[in-house]
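Written out below as C-alpha cells is the structure these notes cover.
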There are 2 protein chains.
Amino acid sequence: MNQRETMTQFGKEALLQANISELLPFASLDEDQTRKMIDLATVHRVKQNKTYFDEGDRAENFFLLIDGFLRIVRTTKEGDQVVVLHIAPGQMFGIAKAFESVNYTATAQAASEGLALSWPSELWDKFIQDYPGFQKATRRAVGTRVTEMQDKLISMATHQVERRIAHAILRLLEQAGKETEDGVAIDFPLTRQDISEMTGTTLHSVSRCLSKWQRDGLVRSERRRVVVRQPESLPV
Amino acid sequence: MNQRETMTQFGKEALLQANISELLPFASLDEDQTRKMIDLATVHRVKQNKTYFDEGDRAENFFLLIDGFLRIVRTTKEGDQVVVLHIAPGQMFGIAKAFESVNYTATAQAASEGLALSWPSELWDKFIQDYPGFQKATRRAVGTRVTEMQDKLISMATHQVERRIAHAILRLLEQAGKETEDGVAIDFPLTRQDISEMTGTTLHSVSRCLSKWQRDGLVRSERRRVVVRQPESLPV
DNA sequence: GCTCAAAGTTGATCTAACGCAATTTTGCGG
DNA sequence: CCGCAAAATTGCGTTAGATCAACTTTGAGC
C-alpha cells in the first residue's frame, strides 16, 4: 500500500545537503545530532493520492513531511470523506504518540507526490528527552491543529458555503501559497471535489463559487489548480 | 468576573474526604502526594453560566473539574457562539500549556454550578516530571478531544440536522448520563439554544426535532432538561 | 400569588444549496 | 494523434432548514 524505501546512503547525503535541519521541527541541533536522527529515519516517497498510512493502522511510526503536501482524511461508514486538515513541508504528522493512541485515527493521503521521514514510535519519548525543543515543537503542532480544527468547526457551524470555501482557500494559501505573476497559487493539485470535502459541501457548489469569483476577477481557476488574485476580496 | 476563593483548611479536608484522588487524572499517588497537590491548588466555585476563564485571557492556570459540567465555547466576531466540547467531572481543562499557548483559546462556561481546582501554569512541567502518569493522562485527554472534535467536524460536514442533534445528545449521555426511572437523563440544565450552538443549527430546529422525538416516545423533554428513553432508536 | 423575562412551541414563508442531469473540457496512456 | 476517463461547468427542480412571527409555558423574584 505504501511505497516505503529503506534509506540509501545517497538519500542521506541528499537530504543533508538539502539543509534538512532547517526543516526539522526543532532547531538548534548540531551536525552530529542531525546526522544521528537521519540515520534512524526511514524515507517514504508517496505518489499522489496514495497514502502514508491509513485510518486504523497500528501507529508504528511518526512522520516528518519533507516535500509535497498531504491531507488528513477521515471516512464515514457511508463512505463520505472529510478532509480534517492539510500538512505542509516541515510539519510532523502521524503523531499518535502525542495522543497515547495505538492506532492512527485518520488517513494521511498525498495531495501531491511527496517525501517524508519516519521514526519508530518507540523513539518518541527518547526524542523528547534527548532533543531540547522537540517537546515544545510537538506541543505547538498539536495546539495549532486544535485551533485549526476549532476554526473549521466554527466556520461550518456559522457560515454559509461561500464563506466556508473562502476560508478554506485562504488557509491553504497560508500553508501552500506560491507567488506567481498571476497571483498567489495553491502549490499542489486541488480539485473541486477536494475543496468540497474540506468544507462539507458538494463539488457543484464549489464549482459555481469559483466560477463566480473568476467572473469577478478574484481568482483564476483551472483544472486541479487555483490561483488567487485578490485574497482580500474573498468574502471574509 | 470569576468567583475565586483561596482554599480554606475546611475545603482541603472536605476534598480529601471526598476521595478526590480518584478524580485526579493520574492515579497511583499516595496520600502524601495527593495532599501536596491539593495544597498547591486553588478552588473555584462558579455559578451557572459564569465562566472559569474567557477566550483570550492569559493562561495563568490549568484546571481540573471536580463537580458540575462546563462547555468550552468560542465566539465569532459576529457574536455567534459555538460550543466546541463539554467537560465532565474528573477532566482537565484550560490546559493551554499542553499547546504551548500563552492565552486560552476558548471560554470555559459553567453549564451547571461547578467546582474546580486550578494550579499555576508554571507547575505544569513540574507535574509532568514529578507525577508519573500525569503526562500520559494529559496526552490521552488531548487525544480524546481531538477525536471528539474530528467526529463533530465529520458530523457537521456530512449529516443533516436531525442526525447531528442525535449525535450531540448521545455524546452528552456518555459524559453526563444519569439513570432515572424515566430513562437516561442529561445531568445538567440544557436549553434548546445550547443544543443548537453545539450542532450549528437554530433553536427552532432543535425544538421541532425534540418535539417529534417526544411524539415518537424516544425522549422526554422539558424546560432545560432532556431525558432519553430509547437511545438506540435515535437516528444514528 | 402575581409579574415578567426566559424558554419553548409551532405555523407560514423563503431561500441557499443539494441532487440530478446533460454537456464540455482536459490531459494522460496507448 | 486519438480515445477515454477524470474533472469541471451549468441549468433546473426540489427541499431541508433558516428566518420571521405569533403565541404559550415556565418558574424565579418581588
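In the text below, chain A, chain B and the rest are named by the order of the sequence lines, each starting its count at 1. Everything numeric here is computed off the predicted structure, so don't read it as measured data.
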Does [X] put a side-chain nitrogen or oxygen below 4.0 Å from OP1 or OP2 of [N]?
X: S211(A); N: dA8(D); value: no
X: S207(A); N: dT9(D); value: yes
X: T201(B); N: dG17(D); value: no
X: S205(A); N: dC18(C); value: yes
X: R192(A); N: dA7(D); value: no

To the nearest angstrom, how far is [X] atom [atom1] from [N] atom [atom2]?
X: R224(B); N: dT9(C); atom1: CZ; atom2: P; answer: 13 Å
X: R220(A); N: dA8(D); atom1: CZ; atom2: P; answer: 14 Å
X: L210(A); N: dT10(D); atom1: CG; atom2: C1'; answer: 14 Å
X: L190(B); N: dA6(C); atom1: CG; atom2: P; answer: 18 Å
X: Q193(A); N: dT26(C); atom1: CD; atom2: P; answer: 20 Å
X: N49(A); N: dC28(C); atom1: CG; atom2: C1'; answer: 14 Å
X: W213(B); N: dT9(C); atom1: CH2; atom2: P; answer: 13 Å
X: L203(A); N: dA17(C); atom1: CG; atom2: P; answer: 15 Å

ask   = Applying ring-ring contact (aromatic ring centres under 6.0 Å, His included), which residue pairs with at least one partner in residues 197-236 of chain A are found, sequence neighbours left out?
value =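 Found none.
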Side chain of [X] - closest among [options]:
X: T202(A); options: dG17(D), dT9(D), dC18(C); answer: dC18(C)
X: H204(B); options: dA18(D), dT10(C), dA17(C); answer: dT10(C)
X: V161(B); options: dT10(C), dA8(D), dA18(D); answer: dA18(D)

So, are [X] and [Y] salt-bridged, with charged N and O less than 4.0 Å apart?
X: D151(B); Y: R74(A); value: yes
X: E174(A); Y: R171(A); value: no
X: E78(B); Y: R163(A); value: yes
X: R164(B); Y: E162(B); value: no

query = Looking at side-chain heavy atoms only, is the closest gap between D187(A) and F69(A) below 4.5 Å?
reply =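 Answer yes - side chains close enough.
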query = V146(A) versus M149(B): any side-chain heavy-atom pair under 4.5 Å?
reply =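 Side chain of V146(A) against side chain of M149(B), heavy atoms only: contact under 4.5 Å found.
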Sugar-phosphate, base or nothing in reach of R208(A), heavy atoms under 4.0 Å = base
request  = Would you indicate what R223(A) reaches in the nucleic acid, counting non-hydrogen atoms under 4.0 angstrom: base, sugar-phosphate, or nothing?
outcome  = base
query = How large an angle, rounded to 10°, do the end axes of the helix from dG1(C)-dC30(D) to dG30(C)-dC1(D) enclose when each is built from five base pairs?
reply =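 If I round to tens, the end axes sit 40° apart.
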message = When you measure from the side chain of T147(A) to the backbone of G143(A), do you find a donor-acceptor pair of N or O atoms at a distance under 3.5 Å?
response =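 Such a contact is found between T147(A) side chain and G143(A) backbone.
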query = Which residue, E222(A) or E162(A), contacts DNA chain C at a nucleotide closer to its 5' end, judged by nearest heavy atom?
reply = E162(A)
request  = Find which nucleotide of DNA chain D each of R215(A) and Q160(B) is nearest to by heavy atoms, and output the residue with the more 5' nucleotide.
outcome  = R215(A)
